[in-house]
2 protein chains.
Amino acid sequence: MDPVICTVDVALLTLTAEGLEVALLKREHAPFKGVAALPGGYIHARTDVDARDAARRVLLDKTGIAAPYLEQLATFSGAARDPRGWSISIAYYALVPATTIAQTERDEVRLHSVDRLPPLPFDHGDIIGTAVSRLRSKSQYSSLPCHLLGDVFTLPQLQRVYEVLMGESINKVSFRRKMTEMDMLDPVDGQFESGAHRPAQLYRLKPAFREQLQLLERGL
Amino acid sequence: MDPVICTVDVALLTLTAEGLEVALLKREHAPFKGVAALPGGYIHARTDVDARDAARRVLLDKTGIAAPYLEQLATFSGAARDPRGWSISIAYYALVPATTIAQTERDEVRLHSVDRLPPLPFDHGDIIGTAVSRLRSKSQYSSLPCHLLGDVFTLPQLQRVYEVLMGESINKVSFRRKMTEMDMLDPVDGQFESGAHRPAQLYRLKPAFREQLQLLERGL
DNA sequence: CGAATAGTGTCTGTAAGACAGTATCTG
DNA sequence: CAGATACTGTCTTACAGACACTATTCG
């Protein structure tokens, strides 16, 4: 049984005015000390229940963020990806509203547009690329994009999130039909967005879909 | 850096008259010696390029099968899944035509219906369950089921495969429209299936889709 | 009241499914 | 030529998108 380096990495994604962004931190130790990279670390077999638990711990320790949505992405492995030796990274991706990152105490956490990434160590570029395509793909037929917004949000806000992720505009009537069909939103009465126009109804994700996604038969 | 047991497991799936089946072998070593389990084994960091390479090696060594379609499924991990200690299994799933399994020399390889599985060691039941739902889900919108058939096949055969996987009958006209839209099949001229009826046109997967799937916009 | 955005009713075109007809083989 | 299955043409139905209209706020 040859020794293998076992790590987890987390692609923490959020949506800002700049578009889709990923959180990077400067590495504290060699190799690649000082280079911006995904938050990650060794699996602690003594204390972590499983890899998901390790990912949650690493994300909280390095960014101060307890992400409500955390899903396994894929496992990256091999002899070539880490100069220290044959290694495994069980990669996860997490979604948070942009406000969550703005509010964290750790100002080491820096957001980078996924379309303009700096040179990244290991295969972190591949991990981010895989995370972004997974997010875009799942957005076509699930409630996943809701997790990029805060606790309450309006349908026009949600539609803009879907549109940015899918890279195309969506018919308003169809979008609202689909949201009704998905039956995943609870209206929040008496609350509205303000501005020089008609305010929009606020909604909240139904509790059943906070961790479990709602899927659509036919997409969009 | 705590020690972690690093393994790969492969859910080798095929379609027979009994429905969807998975290949199991009796374990040669403790723990669970003699119990039917997925083909799997330690990662050999000295010789395996990466985990996919390990999965291919393990599958070939244990079953004699070089599966043309092999895809990473998910990674199962934790302190509780293996009595030897904190472990990782990078799970893959492979699809082969039933004839490939019938032709292998190894008669230790036994097919089991995925609906009537014996008690399984570790979390192999979860791995098979995840593999089956991944296969069923991807069958709704991709060319994946083609890999359960041999090199050449007819459209009625392919439709039956889709129907068994999705558990519902498909409209013949719609099915053929979708296959035309996917544009992934080459007709094999001059060859036909025989029987007491009109023979069907034979097709072959276009080379571009032997490893890469073709996806549909709207499913089915 | 005008500008701006939210929300809805309705029409139309496209795509999926039903059905029935034709085609081609065996015995 | 009867039976069986492959294939195809066409009608109907369901759903997605376009469009326009109403609703509600601010200044």
Side-chain angles (χ1 to χ4, degrees), chain A residues 17 139-143 145-146 149-150 152-204 214-220, chain B residues 17 139-143 145-146 149-150 152-204 214-220:
Chain A
S139 295
Q140 291 173 355
Y141 60 91
S142 81
S143 57
C146 295
L149 288 171
V152 295
F153 48 83
T154 69
L155 284 180
Q157 284 176 335
L158 185 59
Q159 180 169 352
R160 279 188 287 270
V161 171
Y162 272 92
E163 286 173 342
V164 170
L165 292 175
M166 297 175 37
E168 57 187 25
S169 58
I170 303 171
N171 180 279
K172 182 168 54 166
V173 180
S174 301
F175 179 76
R176 283 159 182 263
R177 273 195 292 243
K178 287 292 182 184
M179 291 304 118
T180 305
E181 180 192 328
M182 285 174 99
D183 190 34
M184 62 180 186
L185 300 179
D186 274 330
V188 180
D189 286 323
Q191 306 238 38
F192 297 92
E193 278 263 300
S194 68
H197 49 75
R198 174 174 175 177
Q201 175 69 53
L202 283 174
Y203 293 90
R204 183 196 308 278
Q214 174 68 297
L215 304 178
L216 275 170
E217 277 298 309
R218 295 210 169 283
L220 232 156
Chain B
S139 296
Q140 291 173 354
Y141 60 91
S142 82
S143 57
C146 294
L149 288 171
V152 295
F153 48 83
T154 68
L155 285 181
Q157 283 175 336
L158 185 58
Q159 181 169 351
R160 279 187 287 271
V161 171
Y162 273 91
E163 287 174 340
V164 170
L165 291 175
M166 297 174 40
E168 58 187 24
S169 59
I170 304 171
N171 180 281
K172 183 168 53 169
V173 179
S174 301
F175 179 76
R176 282 158 183 265
R177 272 194 292 241
K178 285 294 181 182
M179 292 304 117
T180 305
E181 180 192 326
M182 286 174 96
D183 190 34
M184 62 179 185
L185 299 179
D186 274 331
V188 180
D189 285 324
Q191 305 238 40
F192 297 92
E193 278 264 298
S194 69
H197 49 75
R198 174 174 174 177
Q201 174 71 52
L202 282 175
Y203 293 90
R204 183 194 311 275
Q214 173 69 297
L215 303 180
L216 274 170
E217 277 297 309
R218 295 209 171 284
L220 231 152

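Just so we're clear, the structure is a prediction, and the values are computed from it rather than from any experiment. Here is how names work: the chains are called A, B, and so on, in the same order as the sequence lines, proteins then strands, and each is numbered from 1.
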The reported gap from CZ in A/R218 to CG in B/L220 (rounded to nearest 0.5 angstrom) is 6.0 Å
Which nucleotide span of DNA chain D, 5' end to 3' end, has atoms closer than 4.0 Å to non-hydrogen atoms of chain B? D/dG3 to D/dG17
Roughly how many Å is it from CZ in A/F153 to C1' in C/dA6, rounded to a whole number? 16 Å
Whole-Å distance, B/R198 CZ to C/dG27 P, equals 18 Å
Any residue in residues 154-164 of chain A with a heavy atom nearer than 4.0 angstrom to DNA chain C? Just list them by number, or reply none. A/P156
Run the side chain to side chain contact (heavy atoms under 4.5 Å, CB included) test against B/L185 and tell me which residues pass, sequence neighbours left out. B/F153, B/L155, B/L158, B/Y203, B/L205
What residues, two or more places apart in sequence or in another chain, satisfy side-chain hydrogen bond (donor to acceptor under 3.5 Å, both in side chains) together with B/Q159? B/E163
Listed by chain and number, what are the side chain to side chain contact (heavy atoms under 4.5 Å, CB included) partners of B/P199, not counting sequence neighbours? B/F192
Non-neighbouring partners of A/S169 that pass side-chain hydrogen bond (donor to acceptor under 3.5 Å, both in side chains), sequence neighbours left out: none
Pairs where residues 170-179 of chain A contributes a residue and the test salt bridge (charged side-chain N to carboxylate O under 4.0 Å, His left out) is met, not counting sequence neighbours: A/K178-A/E181
For B/R198, all residues meeting side chain to side chain contact (heavy atoms under 4.5 Å, CB included), sequence neighbours excluded: none
Sequence-distant partners of B/D186, side-chain hydrogen bond (donor to acceptor under 3.5 Å, both in side chains), two or more places apart: none
Quick one: list whatever passes side chain to side chain contact (heavy atoms under 4.5 Å, CB included) with B/V164, sequence neighbours left out. B/L15
Could I get the full list of ring-ring contact (aromatic ring centres under 6.0 Å, His included) partners for A/F175, not counting sequence neighbours? A/Y162
Taking only N/O atoms, report every protein-nucleotides 14-18 of chain C pair under 3.5 Å with atom names and distance.
| unit_1 | atom_1 | unit_2 | atom_2 | d |
| --- | --- | --- | --- | --- |
| C/dA16 | OP1 | B/K178 | NZ | 2.6 |
| C/dA16 | N7 | B/R177 | NH2 | 3.4 |
| C/dG17 | OP2 | B/S174 | OG | 2.9 |
| C/dG17 | N7 | B/R177 | NH2 | 2.7 |
| C/dA18 | OP2 | B/N171 | ND2 | 3.4 |
| C/dA18 | N7 | B/N171 | ND2 | 3.1 |

